[in-house]
Structures are given as structure tokens and as C-alpha cells.
Amino acid sequence: MDDQGARTRGFNTKLSHTGRAGKRVHGFVNPAVHRGSTVLQPSMAQRKEFQTARMEQELLYGVLGGPTHWPLEDMIAEIEGGTRCQIVSSGLAAVTVPLQAYLKAGDHCLMPDSVYGPARGFCDNFLSRFGVETTYYDPCITPEKLAPMFRPNTTVLYTESPGSHTFEVQDIPGLAAVAHAKGAKVLMDNTWGIHFFQPFKHGVDCSIQALTKYVVGHSDVLLGSVTVNTREDWERVRGTALALGQYASPDDCWLALRGSRTMGVRLARQMQSGIEVASWLAGKAEVLRVLHPALPSCPGHEFWKRDFTGACSLFGVVFQPQYSQEAVNAMAEALDLFGIGASWGGYESLALPTHVTRTAGSGNFGGPMLRLHIGLEDVADIIADLDKGLAALKAHKA
Ligand SMILES: *Cc1c(COP(=O)(O)O)cnc(C)c1O
């Protein structure tokens with residue numbers, strides 16, 4: 001942290017003043033991009049020991065990170081309320097690194113049924129080969145119902161709130177209390193919550209973010225972060241990231257830091273547009289339910305109200321069951337302002353018809369689904385475009 005008291009500042013002030021360059025680059029506002037593998041040491045006497053340097057922001061070799069990684073690490077730790085952050089190569093790496101840090105052969109992991117698809121794939125197809133067993137739980141489960149799912153060897157309760165594609169908001173403090181009582185660590189994918197959810201104030205031990213989304217904000221960089229709040233957790237996460245050879249390009253870190261400077265205004269605008277569009281859709285006859293955590297129709301809305309201070313602009317729409325998945329696909333194709341594509345958090349709107357895997361009995365959503373990401377376009381234009389899309393939905397003949 002640059003100075004005392006910075007912790008109490010507002011989100012937008014933090015985004016403007018964390019991770020600046022200052023005197024280190026001759027007074028320029030922004031840190032420079034430092035590319036490098038070898039770091040020359042002044043003398044053998046001054047060459048730091050790898051074991052001490054590797055846990056700190058110290059230069060010894062490029063893979064440990066350097067002066068372009070550190071300001072971004074500081075920024076993410078600051079906005080999530082943690083102490084240390086590890087930047088990794090993608091959001092998916094931010095999921096897989098801590099899972100490997102906290103699980104070993106013979107351990108058991110609890111995963112929400114609504115987890116980001118590739119995280120499910122990692123547990124089922126990769127961790128399983130290393131003797132780690134995964135059980136999926138209903139993301140809307142109560143702490144009382146979750147408690148009996150813990151086994152003596154359960155070391156990780158993984159959470160993602162709201163869930164990917166279906167947006168169930170979880171009772172994180174309630175579930176975390178159970179996990180801690182059972183001696184397990186609580187991991188959370190906080191990509192949707194960014195800073196609207198403060199993980200370490202709600203019992204999370206390790207917070208994951210795909211910086212690829214709103215932090216980068218321009219759909220041109222893949223990057224992830226793993227943030228923790230204790231020395232013990234830091235040693236596990238940092239040690240595992242280094243053991244796996246995790247590294248991110250300084251150019252990408254620089255772009256992410258640049259993106260973060262405007263994230264506050266982008267998020268404010270996108271939150272407002274997202275709620276406006278979601279509310280408009282909720283009033284349409286073709287729509288069965290809107291899965292936006294800020295609307296009462298979303299499962300776990302009460303936990304969003306209790307634990308979050310805002311919302312990003314990613315949400316789901318469930319259409320009436322008489323419409324087919326093909327009709328929803330036709331709607332997505334009829335949109336001009338929405339691209340059909342994965343990822344989100346950029347300045348542009350996206351529409352993605354969704355198919356989800358569910359194995360813990362939370363799979364009936366009532367109709368075909370579409371995930372929307374609302375960008376920075378004017379809301380009136382977005383709504384006019386969606387109106388055209390609804391016409392295509394209705395016109396579609398099976
Ligand atoms: C996109 C996403 C990721 C993965 O991020 P990438 O940078 O695309 O690998 C992880 N978790 C969630 C919830 C995501 O939406």
C-alpha cells in the first residue's frame with residue numbers, strides 16, 4: 001500500500017491512485033512496461049536468496065514477476081480487500097492454481113453445480129486423475145443442508161456467486177462458516193462481484209477473478225488473479241503458481257492496469273444499463289424469468305441485497321417454454337448490436353444462448369436461456385435491438 005489510510009478511500013479513488021509509478025519512473029503518471037527474464041544482480045553478496053525473494057515483490061528472475069506486475073497485484077488486492085495478489089495467465093488459471101494449492105491426493109472438494117464450465121471440467125477430467133474427488137452441490141443449498149456433505153477429507157468448499165449462466169447468488173457467509181467449522185478452506189470465483197462483493201469480509205479465504213472481464217474491459221487481454229488475506233494462504237497460492245510456472249506478460253498487466261483506471265465509471269454505467277434492460281425484458285410476454293441478481297426473480301436475490309453493493313451487467317434470460325432453443329438462437333442472430341460470443345466485461349454487448357451441465361438436481365430453469373452482457377452503447381439502442389430480436393424469436397418456426 002502506498003500510504004496509510006488508503007484502505008478507507010472509495011472505490012474510484014483507489015482505482016485512480018493505487019499502483020501508480022511516481023518517482024520510480026521519473027514522475028510519469030503510469031508505470032512502465034518492464035519486459036525481462038534475466039535480472040542482473042549487483043554482486044553475489046547482494047544477490048537475494050530465491051526462497052526469500054520468491055514470496056515478496058523482489059526482483060531475481062522474470063518468472064517471479066516484476067515492476068509491471070506489482071502495481072496490478074496491488075490494485076486487485078486493494079479493491080478486493082485482501083493483502084496479497086498473484087497474477088496468473090488467464091481467468092481459468094486463476095481457478096486451477098488455487099484448486100491445486102489447496103487439494104492433494106485423497107482430498108475431497110465441494111463444487112457448486114452452477115460453477116464456470118471449465119472449472120467443472122478441471123475437477124472431473126484433471127483433478128480426478130490425481131486422486132481428488134469432487135461432489136457437486138446445489139448452489140442455493142442452505143448451510144444446514146451443506147454441513148452433512150463434508151467428509152473428514154474435505155479440504156475445499158468452492159463457491160461462485162452468482163453462478164455462471166444461471167446467476168444463483170449464494171449465502172457465502174453462511175456456507176463459509178460451515179466450511180471453517182469443518183476445517184475446510186473457502187475459495188470463491190468473484191469475477192462477477194469484482195468489488196461489489198468483498199470476499200474477505202464474508203468468510204472467503206481465497207478469491208479468484210478473471211481480469212479478462214471488466215478489469216481489462218476491452219476484450220483484448222486474458223489474465224487472472226488470485227487474492228488472499230493471510231500469510232499462510234499466500235504461501236500456498238504463490239508457491240503453487242511458481243511451481244506451475246505461472247507467468248503473465250508485462251504488456252498484458254500494463255493493459256489490465258490501464259483498464260482498471262476507468263473501471264469505476266464503466267461499471268457504474270453498465271450496472272445502470274444492465275438493470276434497465278433486465279427490467280424491460282422482465283415485462284415482456286415472451287420472457288418467463290430474468291436471472292439478474294438485482295431483481296427479485298433471481299434465486300438468492302436476498303443474499304445479493306444483503307452482501308453486494310452493486311451489480312455488473314451480465315445476466316440471464318429464461319424464455320417461455322413454448323419457444324425452442326433454435327428460436328433463441330435465431331433471436332441472437334437477429335441482433336445487430338450484440339455479438340454472439342464467449343467472455344464478457346468489455347465495452348461491447350454480447351448475447352450467448354446457453355446450455356448448462358447440472359448434476360446436483362438444480363437443472364430445471366423452465367425454458368430456453370440466453371445470457372446477455374450489456375456494453376456501453378446507449379440503452380435506447382440496446383432495447384430497440386432486443387425488440388427486433390424478440391420479433392425474430394416469435395417468428396421462428398420449428
Ligand atoms: C471467464 C471466466 C473465467 C475464465 O476467465 P478466462 O480469462 O477467460 O480464462 C473464470 N470464471 C468465470 C466466472 C468466468 O466468467
Side-chain angles (χ1 to χ4, degrees), residues 72 76 80 85-100 111-123 126 136 139 156 158-170 172 187-197 199 204 206-227 237 241 244 246-249 251-253 255-256 259-260 263 267 270 274 291-293 298 300 304 308 311-316 339-346 348-352 354-357 369-375:
L72 180 61
I76 303 304
E80 284 201 284
C85 167
Q86 171 72 35
I87 300 297
V88 292
S89 56
S90 68
L92 181 55
V95 173
T96 63
V97 166
L99 283 173
Q100 290 172 94
M111 276 270 165
D113 214 12
S114 52
V115 73
Y116 175 64
R120 179 185 279 268
F122 184 72
C123 291
F126 187 93
Y136 293 91
V156 167
Y158 193 94
T159 62
E160 183 183 327
S161 180
S164 274
H165 294 294
T166 44
F167 300 94
E168 299 89 342
V169 186
Q170 299 193 263
I172 300 290
L187 277 53
M188 178 180 183
D189 187 327
N190 194 31
T191 302
W192 192 96
I194 314 160
H195 79 105
F196 297 125
F197 183 86
V204 172
C206 174
S207 181
I208 291 156
Q209 290 225 24
L211 306 182
T212 308
K213 309 292 164 53
Y214 289 95
V215 174
V216 165
H218 296 74
S219 309
D220 46 13
V221 170
L222 285 146
L223 218 52
S225 65
V226 187
T227 303
V237 165
L244 291 169
Q246 272 294 331
Y247 181 69
S249 156
D251 297 275
D252 289 349
C253 292
L255 283 165
S260 73
M263 181 166 65
L267 276 176
Q270 284 174 281
L291 304 175
H292 189 307
C298 191
W304 176 82
F308 285 67
C312 73
S313 65
L314 185 81
F315 61 92
I340 299 174
S343 206
W344 41 281
E348 82 289 11
S349 289
L350 295 169
L352 191 66
T354 40
H355 312 266
V356 298
T357 304
M369 291 190 287
L370 181 69
R371 189 184 74 176
L372 294 177
H373 171 257
I374 305 303

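In each ligand, atom 1 is the first atom listed, and ligand 1 is the first ligand listed. From a predicted model like this one, the values you see are computed outputs, not experimental measurements.
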Identify all pairs of nitrogen or oxygen atoms, one from ligand 1 and one from the protein, separated by less than 3.5 Å, and list them with distances.
unit_1	atom_1	unit_2	atom_2	d
ligand 1	7 (O)	Gly91	N	2.8
ligand 1	7 (O)	Thr212	OG1	2.5
ligand 1	9 (O)	Gly91	N	3.2
ligand 1	9 (O)	Leu92	N	2.8
ligand 1	11 (N)	Asp189	OD2	2.6
ligand 1	15 (O)	Lys213	NZ	2.7
ligand 1	15 (O)	Trp344	NE1	3.1

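In terms of heavy-atom proximity, Val237 sits nearest to Cys206 at CG2-SG, 4.2 Å. The shortest non-hydrogen separation linking Ala94 to Val88 is N-CG2, 3.4 Å.
Ring geometry for Trp192 versus Phe308: interplanar angle over 60°, hence perpendicular rather than tilted (30 to 60°).
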Worked verdict on Met111 versus Leu99 for side chain to side chain contact (heavy atoms under 4.5 Å, CB included): CA-CA 11 Å; Met111 276 270 165; Leu99 283 173; 3.8 Å; yes
Let's go through Gln209 and Asn190 carefully: what are the C-alpha distance in whole Å and the side-chain angles of both, what is the deciding distance for side chain to side chain contact (heavy atoms under 4.5 Å, CB included) to 0.1 Å, and is it a yes or a no? CA-CA 6 Å; Gln209 290 225 24; Asn190 194 31; 3.9 Å; yes
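In this view, Leu267 and Phe11, Ile194, His195, Phe196, Tyr214, Met263, Cys312 satisfy the side-chain contact (heavy atoms from CB on, under 4.5 Å) rule, not counting sequence neighbours.
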